[in-house]
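Read the structure below first, then the notes.
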2 protein chains.
Amino acid sequence: MATRPTRPAQRARYDARRDDLVRGAARVFAERGYDQTSIPELAEALGLGTGSLYHYVPGKEQLLIAICDQLMEPLLARVAELDQPDPAARLRALVRLWVAHVVEHRDHMLVFQQERHVIEHGAQWKSVRTSRKRFDRLLEDLLGEAGVADPQLAHWALLGMVNHTAQWFRPRGSRTPQEIADGYVDLVLPPTPPSVRPAGP
Amino acid sequence: MATRPTRPAQRARYDARRDDLVRGAARVFAERGYDQTSIPELAEALGLGTGSLYHYVPGKEQLLIAICDQLMEPLLARVAELDQPDPAARLRALVRLWVAHVVEHRDHMLVFQQERHVIEHGAQWKSVRTSRKRFDRLLEDLLGEAGVADPQLAHWALLGMVNHTAQWFRPRGSRTPQEIADGYVDLVLPPTPPSVRPAGP
DNA sequence: CACTGTACCGAATGGTCGTTCGAACTTCGA
DNA sequence: TCGAAGTTCGAACGACCATTCGGTACAGTG
């Protein structure tokens, strides 16, 4: 059974290890696929014995949920901190943040996308679905405020473009995440001269 | 074993039935997921006995390949028939065709997307990978000719937007596939007045 | 040092899956 | 109408999977 240490001093270590394992699982699942990877295979890829995994995660599906949480929670946290007063500037900042998050969590994204049907239908997945809805709503509202010509279409278009980035972006490629993000924003926003753009982070 | 009739007269029937079954399998897999659907479950959903499926398809993975072929081949065929001399007009026609194809094959698209890793790595998947590459190349070239500001980014952006359409489009929604396609094209192309646009199909 | 909570292990288990197969039934050409 | 070709069936089979469990080794604390 997955048991968290009772001694507070050791809990930090346990949590950190767990986070690492979840991250590693995301990497393995992204490459081999969730269903095609057996627990013994996964454990070996993580440098663990078969049974040891269950010390940190109660089961395979919970592991998948943990991967999605590791993807969604920090994104929502970072988005909540946006404070640009101008909607267009806030939109640009959001997309920059978002693209950066996607490329930093490529593996998580790929797993997230290929398990769409479980996320949509599974009973234990309500929290993940809620997170996604929160983000959706936020984006749609912002697009409306920012004066986009067709906010609804722009919403779907952005979701498609940005999430798809996980499938082609390569760290050694010729563009930075920020350049990509700005390219996306320029597609949906009436372009502004570069001099008006907020500087990078 | 999956055996095609030797009598030519019956082959047409057999092929049509097989196509129907593949289509049905796409629908079931899109909803429940490929790995989460067992062969007995699938057979029942298709109104067949467990063993009967194997009369038409040699195995579960071949069934998945058949679904992808049923998606890619007609699209490439329709694309090959485009004959607009003006590149921008050809681009618009291509995207209209493409979006229409995506919404008509929603189930196939959803399966295609969630099985990305198998398609990319599997040994028997070379033909599907080749088809996708052909389409990619074609789109990229056309974007260059059509005078898009940033053809490479537009290429990835379009792929993301259009393919993502399968995940949100509903037949009873407020937009036609053609309106959606035109919206996408207007994002990547310097907009032209509606009067200059080619008429619908 | 002794003791206790923690980390790790891998063979064993029960269940489910994809696939096979021999037989029964149906269709069709002659 | 007869026989062969085509179609359907579902129980049976071997393989493999997620998970469990009894146990060993280790680390921190008193």
Side-chain angles (χ1 to χ4, degrees), chain A residues 1-22 24-25 28-29 32-67 111 115 117-118 122-124, chain B residues 1-22 24-26 28-29 32-67 111 115 117-118 122-125:
Chain A
M1 207 200 339
T3 29
R4 199 150 169 265
T6 59
R7 301 242 184 277
Q10 318 228 355
R11 281 215 281 256
R13 240 226 278 253
Y14 176 91
D15 288 345
R17 180 104 168 98
R18 189 190 124 107
D19 273 4
D20 277 351
L21 292 176
V22 171
V28 177
F29 286 157
R32 312 190 196 173
Y34 171 76
D35 287 289
Q36 283 72 27
T37 309
S38 72
I39 291 286
E41 280 171 354
L42 174 66
E44 192 192 352
L46 296 176
L48 247 63
T50 309
S52 307
L53 251 182
Y54 287 87
H55 189 57
Y56 294 96
V57 181
K60 202 184 182 188
E61 189 171 6
Q62 297 294 326
L63 180 54
L64 192 56
I65 296 181
I67 290 173
V111 174
E115 297 305 319
H117 52 283
V118 194
Q124 334 183 37
Chain B
M1 209 202 334
T3 30
R4 200 150 167 264
T6 60
R7 302 235 190 276
Q10 320 227 354
R11 281 215 282 258
R13 239 226 282 251
Y14 176 90
D15 288 345
R17 179 105 168 96
R18 189 189 124 107
D19 274 4
D20 278 349
L21 292 176
V22 171
V28 176
F29 287 157
R32 313 191 195 171
Y34 172 76
D35 287 289
Q36 283 71 28
T37 309
S38 72
I39 291 286
E41 279 171 354
L42 174 65
E44 192 192 351
L46 296 176
L48 246 63
T50 308
S52 306
L53 249 182
Y54 287 86
H55 189 58
Y56 294 95
V57 180
K60 202 184 181 189
E61 189 170 6
Q62 297 293 328
L63 181 55
L64 194 53
I65 297 181
I67 290 173
V111 174
E115 296 306 319
H117 54 281
V118 194
Q124 334 183 36
W125 287 86

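Below, all heavy atoms of this structure are taken into account, side chains as well, without hydrogens, waters or symmetry copies. A, B, ... follow the sequence lines: proteins, then strands. Residue 1 opens every chain.
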Quick one: is A:Tyr54 getting a side-chain N or O under 4.0 Å of the C:dA7 phosphate, OP1 or OP2? no
Nucleic acid contacts of residues 5-22 of chain A, taken as heavy-atom distances under 4.0 Å to DNA chain C: A:Pro5, A:Thr6, A:Arg7, A:Gln10, A:Tyr14, A:Arg17
Walk along DNA chain D from 5' to 3' and tell me the first and last nucleotide with an atom closer than 4.0 Å to a non-hydrogen atom of chain B. D:dA5 to D:dG10
Starting at atom [atom1] of [X], determine the distance to atom [atom2] of [N], rounded to an integer number of angstrom.
X: A:Met1; N: C:dC8; atom1: CE; atom2: P; result: 17 Å
X: B:Glu61; N: C:dT19; atom1: CD; atom2: C1'; result: 14 Å
X: A:Lys60; N: C:dT16; atom1: NZ; atom2: P; result: 16 Å
X: B:Leu42; N: C:dC17; atom1: CG; atom2: C1'; result: 13 Å

With a sphere of 6.0 Å drawn around CZ of A:Arg13, does it hold more than 12 non-hydrogen atoms of other residues, nucleotides or ligands? no
By nearest atom, which of the nucleotides C:dA7, C:dT20, C:dC17 is closest to the A:His55 side chain? C:dA7
Heavy atoms only: give me the nearest [X]-[Y] pair and the separation to one decimal.
X: B:Gln62; Y: B:Gln124; result: NE2-OE1, 2.6 Å
X: A:Pro58; Y: A:Ala2; result: N-CB, 3.8 Å
X: B:Tyr14; Y: B:Pro5; result: CG-CD, 3.3 Å
X: A:Phe29; Y: A:Val111; result: CB-CG2, 3.7 Å

Just do the side chain to side chain contact (heavy atoms under 4.5 Å, CB included) check on B:Tyr56 and B:Arg4 with the steps written out, would you? CA-CA 8 Å; B:Tyr56 294 95; B:Arg4 200 150 167 264; over 6 Å; no
Any chance the side chains of B:Trp125 and B:Glu115 put a donor and an acceptor closer than 3.5 Å? no
DNA chain D: 5'-proximal contact among B:Gly51 and A:Pro58 (nearest heavy atom): B:Gly51
May I ask you to say what A:Ser38 touches in the nucleic acid, namely base, sugar-phosphate or nothing, with a heavy-atom cut-off under 4.0 Å? sugar-phosphate
For the residue pair A:Lys60 and A:Tyr54, would you count it as a cation-pi contact if the rule is NZ or CZ under 6.0 angstrom from the ring centre and within 45 degrees of the ring axis? no
Would you give me the side-chain donor-acceptor pairs under 3.5 Å for residues 37-48 of chain A, sequence neighbours excluded?
unit_1, atom_1, unit_2, atom_2, d
A:Thr37, OG1, A:Gly33, O, 2.6
A:Ser38, OG, A:Glu41, N, 3.2
A:Glu41, OE1, A:Ser38, N, 3.1

